[in-house]
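In what follows, a single structure is set out as structure tokens and then discussed.
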Amino acid sequence: METAIITAFEPFGEESINPTEAVIEHIPDMLYNTRIVKVTLPVVYNFAFDRLLPLIEEHQPKLIIQLGLALGRPRISIERVALNVNHADMADNLGNQKQYELIEPYGPDGLFTTLPLARLMDRLKEKGVPATVSNTAGGFVCNNLFYKTLHYVKAMHKSADVGFMHVPPLPKQAIGKNIASMEQSHMVNALMVVLDTMLNPVDIKKQAQKVTGAKKVR
Ligand code: PCA
């Protein structure tokens, strides 16, 4: 049976919750004959991808969708690119702060998602979810995980598509702060749109028609 892996993150920094943990639990365990494997990863530069790697090897997934919390962003962000850099003001959950550091010393500067971004934006709009394509996943653990996953999949010639979705905080996380927030239902809808677009055989056909002539960067 084919598998897709969806990942969330633990809370980090000042936050006592990370909405991504609950969002992945709202997704069924099976969609269009594909098993959905869910895992919450530690917010630690050196451990996040290391926790995911054995699952990639065990399941050989056809799709990997990663979720992270982006405080301060008002919409769902589907990330276009992972950059080969660790650079953040914040320390990870083990106190490591990284700046001006390459993730993979011999890796490319950036790696693009393999998700069909235009199709996803159309479908998220139809569904009424505020969403945008983002050109940076930041320089913290989310970008690190996204970069390492894209790099591994490419280097090991895996067939998995890889995407990253940042979500805003929940309304209860924004109380008393001058920041945007989003109801969990929008986040779950957004993830379902991504999964449906990638796993529903009818949608895959539509995507193929839409991207004919576009080069898939691998
Ligand atoms: N967001 C952080 C790390 C974990 C998470 O959910 C980030 O954007 O890097």
Side-chain angles (χ1 to χ4, degrees), residues 4-9 18-20 23-24 27 48 61-88 103 107-154 160-170 174 179-200 203-218:
I5 299 180
I6 55 180
T7 75
F9 271 113
N18 191 325
T20 62
V23 168
I24 63 169
I27 303 300
K62 64 174 174 187
L63 177 68
I64 304 170
I65 302 294
Q66 306 178 322
L67 270 68
L69 165 65
L71 289 163
R73 288 200 190 171
R75 293 177 283 184
I76 296 282
S77 318
I78 308 291
E79 301 295 344
R80 188 194 309 273
V81 60
L83 296 181
N84 186 8
V85 68
N86 293 319
H87 191 113
I103 297 171
D109 295 342
L111 289 165
F112 282 123
T113 185
T114 56
L115 299 185
L117 294 174
R119 174 83 188 127
L120 287 176
M121 285 302 122
D122 286 351
R123 289 212 51 199
L124 288 162
K125 197 171 166 187
E126 275 164 31
K127 189 86 187 168
V129 179
T132 188
V133 173
S134 156
N135 289 320
T136 176
F140 192 41
V141 180
C142 287
N143 174 74
N144 182 282
L145 171 73
F146 188 29
Y147 185 90
K148 283 181 176 168
T149 307
L150 281 163
H151 190 256
Y152 184 79
V153 161
K154 201 170 173 181
D161 282 307
V162 181
F164 198 103
M165 185 173 116
H166 263 121
V167 303
L170 293 168
I179 54 170
S181 64
M182 181 179 267
E183 293 291 346
Q184 187 192 64
S185 58
H186 279 316
M187 303 175 191
V188 174
N189 286 344
L191 180 54
M192 279 303 290
V193 165
V194 174
L195 294 172
D196 192 75
T197 305
M198 300 309 289
L199 302 177
N200 178 346
D203 204 278
I204 290 167
K205 237 189 228 160
K206 280 195 210 143
Q207 260 181 62
Q209 286 158 3
K210 236 183 152 129
V211 298
T212 305
K215 195 173 86 189
K216 187 163 182 180
V217 184
R218 266 281 156 89

Looking at side-chain heavy atoms only, is the closest gap between Thr132 and Ile78 below 4.5 Å?
-> no
Residues in ring-ring contact (aromatic ring centres under 6.0 Å, His included) contact with Tyr147, at least two apart in sequence or another chain | His151
For the side chain of Asn189 and the backbone of Lys127, is there at least one donor-acceptor N/O pair under 3.5 Å apart?
-> no
Rounded to the nearest 0.5 Å, how far does CG of Leu199 lie from CD1 of Ile65?
-> 8.0 Å
Between CE of Met198 and CD1 of Ile64, what distance do you get to the nearest 0.5 Å?
-> 11.5 Å
Distance, nearest 0.5 Å, that separates CG of Leu170 from CG of Leu69 | 8.0 Å
Looking at NE2 of His87 and CD1 of Ile103, how far apart are the two atoms once the value is rounded to the nearest 0.5 Å?
-> 12.5 Å
How far apart are the C-alpha atoms of Leu195 and Ile6, what are their side-chain angles, what is the distance that settles it, and do they pass the side chain to side chain contact (heavy atoms under 4.5 Å, CB included) test?
-> CA-CA 9 Å; Leu195 294 172; Ile6 55 180; 4.0 Å; yes
Judged by atom type as modelled, is there a donor-acceptor pair below 3.5 Å linking the side chain of Ser77 to the main-chain atoms of Ser134?
-> no
Is there a side-chain contact between Ile24 and Thr7, using heavy atoms and a 4.5 Å cut-off?
-> no
Going by atom types only, do Asn84 and Asp109 share a side-chain donor-acceptor pair under 3.5 Å?
-> no
On a heavy-atom basis, the closest approach of Gly68 and Phe9 is CA-CD1, 4.2 Å
Nearest 0.5 Å please: distance from the CD1 atom of Ile27 over to the CG atom of Leu67.
-> 8.5 Å
Got Asp196 and Arg123 here, is their nearest side-chain heavy-atom distance under 4.5 Å?
-> yes
pair Met182-Met187: side-chain heavy atoms closer than 4.5 Å | yes
Is the backbone of Val85 close enough, under 3.5 Å, to the side chain of Asn143 for a donor and an acceptor to pair up by distance?
-> yes
For side chain to side chain contact (heavy atoms under 4.5 Å, CB included), just list the numbers for His166 and Ile76, CA-CA rounded to whole Å, side-chain angles, deciding distance to a tenth of an Å, and then say yes or no.
-> CA-CA 6 Å; His166 263 121; Ile76 296 282; over 6 Å; no
Minimum heavy-atom distance Pro169-Gly72, with the two atoms named = CD-N, 4.3 Å
Non-hydrogen side-chain atoms of Pro130 and His186 separated by less than 4.5 Å | yes
Are the side chain of Asp161 and the backbone N or O of Leu63 linked by a donor-acceptor pair below 3.5 Å?
-> no
Take Val194 and Leu120 through the test side chain to side chain contact (heavy atoms under 4.5 Å, CB included) and record every step on the way to the result.
-> CA-CA 7 Å; Val194 174; Leu120 287 176; 4.2 Å; yes
Between Ser181 and Ala174 the two heavy atoms that sit nearest each other are CB-CB, 3.8 Å
What's the spacing between Thr113 OG1 and Glu79 CD if we round to 0.5 Å?
-> 9.0 Å
Which atom names give the shortest non-hydrogen contact between Ala190 and Leu124, and what distance separates them?
-> CA-CD2, 3.6 Å
